2 protein chains.
Amino acid sequence: MSGRRVTIRDVAERADVSISTVSHAFSGSRPISAETRERITRAANELGYEPNPSARSLRTGRSGIVGLILRPRFALVGTSDRAETFNRLVGSVATEALRRKTGLIHVPDIDDPRAAKVPMDGCIVAHPYSGDRVLTEVLRRHIPVVTVEEDPERPELPWAVRLDYPPVVDRLLDHLKRQHASDIMLLTGTESNAWNVRTRESYRAWCRTNGVPARIDELSEGLTHEEAAQLIGPLLAAPDRPDAIVVATSDFAALIARVAAAQGVRVPDELMIASFTDSEHSRTADPAITAMDLNHENLAKEAVELMLARIAGAEAPEKPVVISPVLHLRASTLRSPH
Amino acid sequence: MSGRRVTIRDVAERADVSISTVSHAFSGSRPISAETRERITRAANELGYEPNPSARSLRTGRSGIVGLILRPRFALVGTSDRAETFNRLVGSVATEALRRKTGLIHVPDIDDPRAAKVPMDGCIVAHPYSGDRVLTEVLRRHIPVVTVEEDPERPELPWAVRLDYPPVVDRLLDHLKRQHASDIMLLTGTESNAWNVRTRESYRAWCRTNGVPARIDELSEGLTHEEAAQLIGPLLAAPDRPDAIVVATSDFAALIARVAAAQGVRVPDELMIASFTDSEHSRTADPAITAMDLNHENLAKEAVELMLARIAGAEAPEKPVVISPVLHLRASTLRSPH
DNA sequence: CTGAAAGCGCTAACAG
DNA sequence: CTGTTAGCGCTTTCAG
């Protein structure tokens with residue numbers, strides 16, 4: 001093909017200037033006469049010159065690339081609720097990184113020794129688990145890290161963007177109570193991340209405050225819809241069926257709505273349903289399902305901003321950045337006044 | 001923080017060997033005595049040494065990173081059918097890249113001058129448009145490229161993995177005909193990529209062969225469900241309603257099924273429905289919808305393999321690699337024998 | 001089996 | 001305003 005890559009030296013030669021002049025012409029880091037700049041630009045274009053990013057990084061100590069590690073194990077292989085979550089977050093981070101002129105590299109598994117080590121200035125770890133193994137490794141390597149949601153066992157890491165669940169969970173539960181729910185059940189996820197841990201805590205606290213017994217069961221994020229349906233069917237048929245269910249994932253919320261319809265349980269009159277993620281499933285279910293939106297766009301925006309600040313040498317913030325989830329009240333929890 | 005990054009020099013000093021010995025100990029590219037190797041390994045661990053990827057790339061001329069450019073503009077912002085497609089492809093490419101010890105970098109917009117230039121050995125461009133602008137730019141820069149699906153205007157590029165639509169489209173249409181469809185309508189997408197262009201061509205060819213008029217209308221991939229429903233409603237209410245609709249995207253197929261149900265049009269007896277992507281929507285629709293699966297996993301696998309071969313200096317293949325889409329016949333096109 | 005040294009392409013002092 | 005030069009950290013000849 002094209003014999004050799006063209007370097008800054010070739011451009012300098014052709015424009016009849018020194019290589020440092022070429023370098024500065026590109027970076028704009030010192031004044032260059034219009035005429036010289038013009039000659040350099042032409043030479044570069046004619047030769048098809050592109051600066052070598054590795055050489056630049058080696059010299060400057062910066063690659064202009066941040067890594068993204070998405071921890072939830074069901075992000076890729078799970079159902080479409082997880083897929084949509086994954087998508088929105090990755091998409092938002094990518095968009096924001098682009099806006100900030102920063103490359104984004106997908107780091108599938110940092111401590112797979114086979115994985116190519118890539119030059120990153122820092123790394124965003126999204127939705128870490130309790131005592132997250134990968135987060136530990138990144139810290140050990142002294143890679144500047146920002147987390148999206150905190151590691152529940154390491155709440156002290158200040159370089160984090162987190163969601164403030166309690167007020168929103170309270171608002172949801174208060175709302176259900178006002179709609180005359182008397183037996184609100186929580187179907188929590190089984191992954192040990194902040195989303196599950198914190199929402200569960202908030203639910204428990206609310207129950208305590210309101211003097212009602214907590215009623216919690218698990219519905220793993222990893223279940224297929226078939227498996228989940230197997231568990232939901234009996235629950236809705238049981239004599240002690242709750243009159244409101246808050247379920248972690250929105251696709252299972254939609255599934256509950258379908259099972260309820262099949263069993264002749266009326267939503268919201270006999271059963272209210274809400275979920276802790278929002279997606280196509282909750283929006284288009286019949287009836288539409290009340291859901292807490294995780295505000296991925298803002299999480300991503302703040303995370304990238306924090307990352308760049310950290311790379312630029314900013315002081316550690318006092319506290320993590322706090323984002324509020326957004327509650328969408330929909331028909332599944334709106335009983336008509338009798 | 002940690003004063004300075006630790007380099008190969010520090011390790012050499014501490015292990016009391018030369019830096020070249022350290023280098024070779026890591027790369028295994030020449031015999032090292034067990035004892036020396038042991039000293040080096042210990043020193044490296046104690047110091048927390050990690051080779052600098054930029055220095056390595058600069059020296060070797062390889063970064064071990066390939067870029068992924070996903071072209072369809074609705075991949076990120078579109079509905080969940082597009083999201084699922086995006087997901088499966090990115091996920092599959094990432095997985096395969098990992099298996100091959102290759103880093104994967106997300107390239108959002110190659111010719112945005114603001115975007116950081118990243119070191120990539122090559123670049124996968126997925127689902128290019130006709131005369132794709134970004135593909136042109138990548139070629140101009142002499143970046144080794146492999147496309148997933150061909151640019152319809154550049155079918156001659158041999159470094160491509162493509163889907164072989166005609167046989168599968170024929171099988172689908174033959175199947176519909178055997179189920180006594182007499183008026184099969186195609187609702188094609190409006191994006192000018194191979195998927196739309198080739199399936200449309202195949203449909204036209206089949207109509208010609210079978211001596212029936214082609215009946216094509218457009219349904220843009222960019223429409224919201226509401227907008228699409230506005231167009232579908234009248235179509236199903238019209239006196240010349242087709243008795244089978246093949247629609248590009250699976251979520252619109254599911255939407256058609258819902259609109260049909262609402263209008264009392266029985267599927268599949270009065271109307272058969274099929275789609276040219278498969279997703280959660282087609283699988284879980286009622287009735288489940290016949291769909292063509294784009295086989296993203298195999299596309300990704302072959303694309304990564306081709307990319308690595310190309311980087312390694314392999315000869316250009318004679319022809320693109322050809323993958324077959326997979327047809328899933330489901331209830332939406334299975335009429336009970338009368 | 002090990003060491004010395006050249007240099008990948010670029011940036012940033014420093015010196016005009 | 002422009003040129004010279006010293007490395008960034010690593011791999012890889014070439015010599016032992």
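Note that the structure is a prediction, hence the values are computed from the model and not measured. Side chains are part of it too, since the values below use all heavy atoms of this structure and drop only hydrogens, waters and symmetry mates. Letters go in sequence order (proteins before strands), and every chain restarts at 1.
Residue A/R37 contributes atom CZ, which lies 12 Å from atom C1' of D/dC1 at whole-angstrom precision. Spacing between atom CG of A/D16 and atom P of D/dT2 amounts to 12 Å, rounded to whole angstrom units. Following rounding to the nearest Å, A/H24 (NE2) and D/dG3 (C1') show an atom-to-atom distance of 11 Å. Per the geometry, CD belonging to A/E13 stands 13 Å off P belonging to D/dT4, to the nearest Å. A straight line from CD1 of A/I19 to C1' of D/dT5 spans 9 Å, rounded to a whole angstrom. As rounded to whole Å, 13 Å separates atom P of D/dC8 from atom CG of B/L58. Between A/R9 atom CZ and D/dT4 atom P there is a gap of 11 Å when expressed in whole angstrom units. Rounded to an integer number of Å, the gap from A/E35 CD to D/dC1 C1' is 12 Å.
Looking at every heavy atom in both residues, B/L104 comes nearest to B/G67 through CD1-C, 4.5 Å.
At a cut-off of 3.5 angstrom, the base of D/dT4 holds at least one donor-acceptor pair with the side chain of A/S20.
If you check every strand for non-hydrogen atoms under 4.0 Å, A/S33 touches sugar and phosphate atoms only. Within 4.0 Å of A/F26, counting heavy atoms only, lies no atom of the nucleic acid at all. Nucleic acid contact for A/T36: sugar-phosphate only, since backbone atoms but no base atoms lie under 4.0 Å from a heavy atom of the residue.
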Next item on the list: Kindly indicate, with the supporting measurements, whether the criterion side chain to side chain contact (heavy atoms under 4.5 Å, CB included) is fulfilled by B/R154 and B/T136.
Entry: CA-CA 10 Å; B/R154 281 180 275 209; B/T136 304; 3.1 Å; yes
Checklist line | Trace of the side chain to side chain contact (heavy atoms under 4.5 Å, CB included) decision for B/R59 with A/L58 | finding: CA-CA 10 Å; B/R59 186 57 237 239; A/L58 175 58; over 6 Å; no
Next item on the list: Report the C-alpha distance between B/V118 and B/I65 in whole Å, list the side-chain angles of each, state the deciding distance to 0.1 Å, and finish with yes or no for side chain to side chain contact (heavy atoms under 4.5 Å, CB included).
Entry: CA-CA 9 Å; B/V118 298; B/I65 298 177; over 6 Å; no
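The side chain to side chain contact (heavy atoms under 4.5 Å, CB included) test with A/M120 singles out one residue from A/V66, A/I311, A/I143, and that residue is A/I143.
The side chain of B/A55 approaches D/dC10 more closely than any other nucleotide in the set D/dC8, D/dC10, D/dT13.
Under the 3.5 Å distance criterion, with hydrogens and angles disregarded, no donor-acceptor pair is assigned to the side chains of B/T147 and B/R71.
Contact check on A/E137 versus A/R141 returns a salt bridge, with a Lys/Arg side-chain nitrogen under 4.0 Å from an Asp/Glu carboxylate oxygen.
With a heavy-atom cut-off of 4.0 Å to chain A, the contacted part of DNA chain C has its first and last nucleotide at C/dG9 to C/dC14.
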